[in-house]
Every structure is written in structure tokens, then in C-alpha cells.
Trainee: 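One structure follows; several queries about it will come next.
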Amino acid sequence: MVPHLVTALTGPINELEQRVLDSMPAIERWFRLEWMEHTPPFYTSVDVRNAGFKLAPVDTNMFPRGWNNLTREMLPLAVQAAQAAIEKICPEARNLLVIPENHSRNTFYLSNVAQLVHIFQMAGLNVRVGSIDPAIKSPKKIALPNGESVCLEPVVRGKRRLGLKNFDPCTILLNNDLSAGVPGILEDLHEQYLLPPLHAAWPSRRMSNHFHSYEELSKRFGKLLGIDPWLVNPMYARAEGVNFGSKKGMDVLASHVDTVLTKVRRKYKEYGINEKAFVIVKPDNGAAGVGVLTVRDVKDLDTLDPKTRSMMSPTAEFEPLIVQEGVLTNERVHDGVAEPVVYMMDRYVVGGFYRVHAGRSPDESLASPGVSFVPLAFSESAHLPQPGAKPGASAPNRFYMYGVVARLAMVAASYELEATNPDAEVYE
């Protein structure tokens with residue numbers, strides 16, 4: 001179900017981890033029952049933060065990039081999951097069209113596209129890459145740093161279908177979160193499968209919807225394990241009508257920050273945690289180019305410098321914001337602060353890597369310039385943890401923990417997609 005991997009943490013298994021390992025049969029059954037009722041997103045990546053006392057997802061991406069960071073050993077898992085996903089959606093599938101982002105000069109991103117092409121080719125499909133970038137008017141072959149190449153071809157739009165010249169796909173895979181808006185060329189494709197659907201993209205998606213679904217699931221999951229749901233759930237609030245540049249709505253934001261910080265401090269006191277509480281303020285609509293702010297005290301909002309204000313509100317628009325409980329990371333790789341990123345396709349965990357940043361502190365976002373990616377390596381079978389063993393008696397398989405929390409976020413994403421589906425059938 002979940003690959004066993006070596007991680008940078010080799011300390012004793014803590015209480016939360018032990019509870020999860022001991023509950024493995026109940027957890028797997030719970031997931032199986034969920035997938036009988038709900039459809040998983042086609043593919044997902046989840047940023048997980050491990051504070052030791054708490055393990056929680058802080059971001060769920062339904063258009064995951066970074067597939068090139070998965071190791072060669074992980075590819076068979078991804079291929080198997082790709083076969084299962086395609087078989088379920090379009091058993092007669094033969095041709096798959098991948099629509100990437102319009103970053104034809106970003107070879108690191110295009111290496112990710114090449115890896116996706118590779119995975120689906122090994123899954124038995126004819127795969128081509130179709131660009132919706134108006135600048136791509138003829139096939140363009142781009143050399144990649146690893147010696148491979150990717151060919152971007154201009155898409156051709158028919159009345160109800162999208163394809164390439166002499167290439168008619170039954171399935172279209174979006175690797176573009178459309179944060180700049182949904183282009184008309186992708187709308188009204190009623191004869192082809194568009195994966196993920198358009199309402200999973202940022203023009204209509206809201207992070208608060210996702211964490212609302214996740215919060216409800218964490219309560220049920222906590223009941224299943226007999227734990228406080230807070231141990232796997234980051235608290236949050238939504239703030240509207242805020243602009244850092246004009247300072248409008250800052251009182252609303254301050255009120256939400258204060259409320260979340262107060263709740264977190266109360267939890268820290270309850271569990272005897274001697275750490276400074278903090279929140280992360282970020283755009284609710286995943287707006288590209290908008291910053292992520294760490295706030296440790298509500299008074300910090302009054303002393304923000306002009307550069308930070310401009311980063312948080314680059315335009316005069318009022319962006320909806322999410323105020324999320326900050327989760328520390330106590331993971332380190334090569335002396336850098338690290339957080340695991342878990343990759344899934346269909347209902348399966350297929351691998352992951354560490355996002356590492358030497359210049360960041362444990363309470364800051366690591367997704368910033370200077371970040372590096374370190375693959376997770378497969379563990380040897382002799383090092384697997386034994387369910388029921390005393391903490392520290394066996395090597396910790398932290399990736400099972402990451403996989404459980406990431407799959408919980410994936411179930412939340414499936415709930416979110418159902419709740420926001422504009423074409424959902426409504427029964428009176």
C-alpha cells in the first residue's frame with residue numbers, strides 16, 4: 001500500500017507514530033471504505049510538516065510538479081498506479097495528451113514533464129505534450145540538463161475536442177494549475193476526459209474549502225485512533241477583504257491571527273509543549289507570485305516593511321487569505337531544515353522527497369529561492385518497524401506516517417472536488 005523508505009529521522013518512534021503503526025489494519029480498512037464511496041484526485045502531492053509532537057499536511061497540490069525528484073526505484077510504483085488510474089477512468093485509452101505550464105524556458109519544470117511522459121509511456125500509452133502557450137506555433141524540442149529532451153507541440157482545438165496535428169487523445173492530463181486563469185481552449189471538452197477537472201484549478205479552488213474537508217475527516221480519523229484530531233490537523237481561519245499595501249482590512253486579519261494563535265498556545269499548554277506558537281498567512285486562492293508570511297505575534301503585522309507588504313499584496317486587489325496554524329519541522333537533511341513531500345497517483349502513495357532549505361528556520365515556509373530537493377531512499381527489508389514493538393525497538397518507518405497523513409489530505413481533496421463540482425447532480 002505504502003512503500004517503506006529510509007528518512008533522515010532515526011530517533012525513537014514517538015507516541016503518535018506508535019499509535020498509527022499499531023492501528024495499521026484499522027487505518028487501511030478505513031481508507032478502503034472511503035475509496036468505495038469517493039473518487040481520489042488523479043494525482044496529488046502533499047507537503048507534510050513533522051513537529052515530533054504533531055504531524056500535519058500544510059499544502060495539498062492537485063497539479064503536482066517535481067515528478068523528476070522521484071528516484072528511479074520509485075518509478076515502478078508510479079507506473080502501476082498510472083495503469084490503475086487510467087484503467088478506472090478510460091479502459092480503452094490509447095492516447096494521452098499532457099498539457100504543461102507555459103514555462104518553455106524552465107528546464108527544471110520540463111524535466112518534471114518528461115518524467116510524467118515516461119511514467120505514462122511505461123503504463124502503455126502513446127503520450128505527447130501539447131502546449132497552450134500562444135508562443136508555441138510549431139513543434140519545439142527542448143534539451144534537458146539530464147541529457148533527455150521534451151517536445152512541445154501546439155494544441156489544435158476542434159469543436160468539442162482538443163488534440164495535436166494527427167493525434168487525437170481520449171484523455172488530457174493537466175499539469176498546469178491555471179493560476180493565471182482558465183483559457184477558453186480548455187472549456188467545453190465534453191467528449192474527452194480532462195484530468196484533473198477545471199474546478200480543481202486555482203481560479204475556482206480555495207484552500208479553506210480543502211482544510212474544512214480535512215478538519216471534518218481528522219475528527220473521524222482521531223476517533224478511529226483514539227487521539228486528539230489536533231495532532232494531525234492544522235487549525236485555520238479565513239480572512240477576506242485584506243490588502244497589505246493599502247493596509248485595508250488589516251484589523252480583520254489581526255483578529256483572525258490573534259484567534260488562531262490563542263488556540264494554538266492553549267494546545268501547547270495542554271500538551272506541555274515549550275515552543276513559540278506561530279501562524280502562516282497565505283493566499284486562499286493559491287495566487288502565484290503572492291508571498292507566504294510567518295507571524296509569531298499579532299503585533300508583527302503593525303511593523304511589516306514595505307517590501308513584505310508588496311510581496312503579500314502585489315496589486316490593489318483584495319485577496320482572500322488563509323491564516324493557518326504553523327507546524328514546526330524538526331527534520332534536518334544535510335544541516336538544512338527539511339519537510340517531506342508525498343506524491344500520490346489515484347489512491348496510491350508512489351514516493352516522495354525532502355524539500356530542504358539551509359537558509360530557513362523551522363517555523364518558515366521552505367518553498368522559496370534557495371530550496372533543494374533530496375530523494376527519499378528505499379529502506380532495506382530488515383529495517384522495517386514491527387507493529388507492536390516498543391518505541392525505539394525497531395527502525396522507524398516514518399514514511400508510513402507521512403503516507404497516512406498525505407492520504408488523509410487526498411481524501412479531503414476528493415471531498416473538496418465533490419463539494420465544488422459545478423456539474424454535480426442535485427437530488428431533491
Side-chain angles (χ1 to χ4, degrees), residues 44-51 53-62 200 202 204-222 227-242 244 249-271 273 275-287 290-298 300-301 312-313 318-329 339 341 362-367 405-406 408-417 419-420:
T44 326
S45 70
V46 178
D47 297 354
V48 178
R49 299 276 284 205
N50 183 1
F53 57 86
K54 175 172 185 149
L55 184 78
V58 292
D59 197 14
T60 301
N61 189 348
M62 290 202 242
W202 284 121
S204 52
R205 191 183 176 212
R206 295 293 175 268
M207 220 175 271
S208 52
N209 288 338
H210 176 75
F211 282 102
H212 172 73
S213 296
Y214 185 85
E215 188 174 46
E216 295 308 307
L217 278 164
S218 68
K219 289 174 186 173
R220 286 171 43 209
F221 188 74
I227 61 169
D228 181 350
W230 175 74
L231 296 174
V232 295
N233 177 42
M235 293 186 276
Y236 77 96
R238 188 175 191 265
E240 292 191 71
V242 180
F244 284 82
M250 292 300 286
D251 53 336
V252 174
L253 178 62
S255 172
H256 285 303
V257 167
D258 189 45
T259 300
V260 176
L261 279 173
T262 301
K263 287 179 179 177
V264 176
R265 287 174 188 139
R266 203 174 292 145
K267 280 292 183 185
Y268 279 17
K269 191 175 179 183
E270 179 186 335
Y271 284 93
I273 296 162
E275 298 285 358
K276 189 170 176 63
F278 67 102
V279 297
I280 298 292
V281 178
K282 52 189 176 182
D284 193 22
N285 62 357
V290 177
V292 175
L293 183 66
T294 298
V295 182
R296 300 168 186 89
D297 191 298
V298 71
D300 296 347
L301 293 173
M312 293 303 295
S313 291
F318 291 101
E319 296 289 355
L321 299 171
I322 185 167
V323 179
Q324 189 180 61
E325 172 192 349
V327 182
L328 291 163
T329 175
E339 65 186 12
V341 184
D363 62 355
E364 291 182 302
S365 168
L366 306 186
V405 168
L408 205 53
M410 180 168 55
V411 178
S414 75
Y415 278 47
E416 175 195 356
L417 287 177
T420 58

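One is the number of the first residue; the rest follow in order along the sequence. These values consider heavy atoms only, across backbone and side chains, with no hydrogens, waters or symmetry-generated copies.
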Trainee: As an exercise, state the distance from CD of Glu364 to OG1 of Thr329, rounded to the nearest 0.5 Å.
Mentor: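 If we round to the nearest 0.5 Å, Glu364:CD and Thr329:OG1 are 12.5 Å apart.
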Trainee: Over all heavy atoms of both residues, which pair between His256 and Ala239 is shortest? Give the atoms and the distance, please.
Mentor: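 Taking every non-hydrogen atom into account, CD2-CB, 3.6 Å.
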Trainee: Roughly how far apart are Met312 CE and Lys282 NZ, rounded to 0.5 Å?
Mentor: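 It is 10.5 Å, given to the nearest 0.5 Å.
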Trainee: Between Gly249 and Val242, what is the shortest heavy-atom contact and its length?
Mentor: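 It is O-CG2, 3.5 Å.
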Trainee: Would a distance-only check, ignoring hydrogens and angles, find a side-chain to backbone donor-acceptor pair under 3.5 Å from Arg49 to Lys54?
Mentor: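 It does not hold such a pair.
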Trainee: Would you confirm whether Asp47, through its side chain, and Asp59, through its main-chain N or O, come within 3.5 Å as a donor-acceptor pair?
Mentor: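 It does not hold such a pair.
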Trainee: Any side-chain heavy atom of Glu215 within less than 4.5 Å of one from Lys219?
Mentor: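 A side-chain contact under 4.5 Å exists here.
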Trainee: Taking atom CG of Leu417 and atom CG of Asn209, what is their separation to the nearest 0.5 Å?
Mentor: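 Answer for the CG-CG pair, Leu417 versus Asn209, is 10.5 Å.
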Trainee: Indicate the ring-plane relationship of Trp230 and Phe53, choosing parallel, tilted or perpendicular according to the 30° and 60° boundaries.
Mentor: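 Judged by the thresholds at 30° and 60°, the geometry between Trp230 and Phe53 is parallel.
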Trainee: Quick check: do Val257 and Leu301 have side-chain heavy atoms less than 4.5 Å from each other?
Mentor: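 Yes, their side chains come closer than 4.5 Å.
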Trainee: Which pair of non-hydrogen atoms, one from Pro320 and one from Arg206, has the smallest distance, and what is that distance?
Mentor: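 The pair with the smallest heavy-atom distance is CG-NE, 4.4 Å.
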Trainee: Arg238 side chain to Ser208 main-chain N or O, any donor-acceptor pair under 3.5 Å?
Mentor: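 No.
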Trainee: Give me the atom names and distance for the closest heavy-atom approach of Ala254 to Val298.
Mentor: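 Shortest heavy-atom separation between Ala254 and Val298 comes out as O-CG2, 3.4 Å.
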Trainee: Show, in sequence, the C-alpha distance, side-chain angles and deciding distance for Tyr236 and His212, and conclude whether the side chain to side chain contact (heavy atoms under 4.5 Å, CB included) test is met.
Mentor: CA-CA 9 Å; Tyr236 77 96; His212 172 73; 3.3 Å; yes
Trainee: Are the side chains of Phe221 and Leu231 in contact, using a 4.5 Å heavy-atom criterion?
Mentor: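 No - every pair of side-chain heavy atoms lies 4.5 Å or more apart.
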Trainee: Within the 4.5 Å heavy-atom criterion, are Arg220 and Glu216 side-chain neighbours or not?
Mentor: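 In short, these two side chains do not touch, never coming nearer than 4.5 Å.
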Trainee: I want to check something: taking the side chain as every heavy atom from C-beta on, are Trp202 and Met207 in contact at a cut-off of under 4.5 Å?
Mentor: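 A side-chain contact under 4.5 Å exists here.
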Trainee: Between Asn50 (side chain) and Leu55 (backbone), is there a donor-acceptor pair under 3.5 Å?
Mentor: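 No.
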Trainee: Rounded at 0.5 Å granularity, tell me how far CG in Leu261 sits from CE in Met235.
Mentor: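 The CG atom of Leu261 sits 9.5 Å away from the CE atom of Met235.
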Trainee: Can you name the nearest heavy-atom pair linking Thr60 to Arg205, along with the distance?
Mentor: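 Taking every non-hydrogen atom into account, O-NH1, 2.9 Å.
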Trainee: Going by an N to O cut-off under 4.0 Å, is there a salt bridge joining Lys263 and Glu325?
Mentor: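 Salt bridge flag = no for Glu325 with Lys263.
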Trainee: Less than 4.5 Å apart, any side-chain heavy atom of Asp228 and any of Lys267?
Mentor: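 SC-SC contact between Asp228 and Lys267 confirmed.
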Trainee: Asp363 vs Thr294, test: side-chain hydrogen bond (donor to acceptor under 3.5 Å, both in side chains). Steps then yes/no.
Mentor: CA-CA 7 Å; Asp363 62 355; Thr294 298; 5.4 Å; no
Trainee: Work out which heavy atom in Pro234 is nearest to a heavy atom in Ala56; give both atom names and the distance.
Mentor: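 Scanning both residues, the minimum pair turns out to be CD-CB, 3.8 Å.
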Trainee: Can you tell if the side chain of Phe278 reaches within under 4.5 Å of the side chain of Leu328, non-hydrogen atoms only?
Mentor: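 The answer is yes, as the side chains (C-beta and beyond) meet within the 4.5 Å cut-off.
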Trainee: Side chains of Glu416 and Tyr214: closer than 4.5 Å at any heavy-atom pair?
Mentor: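 Sidechains of Tyr214 and Glu416: no contact.
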Trainee: So, the side chain of Ser255 versus the backbone of Asp251: is there a donor-acceptor pair under 3.5 Å, distance only?
Mentor: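 Not a single qualifying donor-acceptor pair exists.
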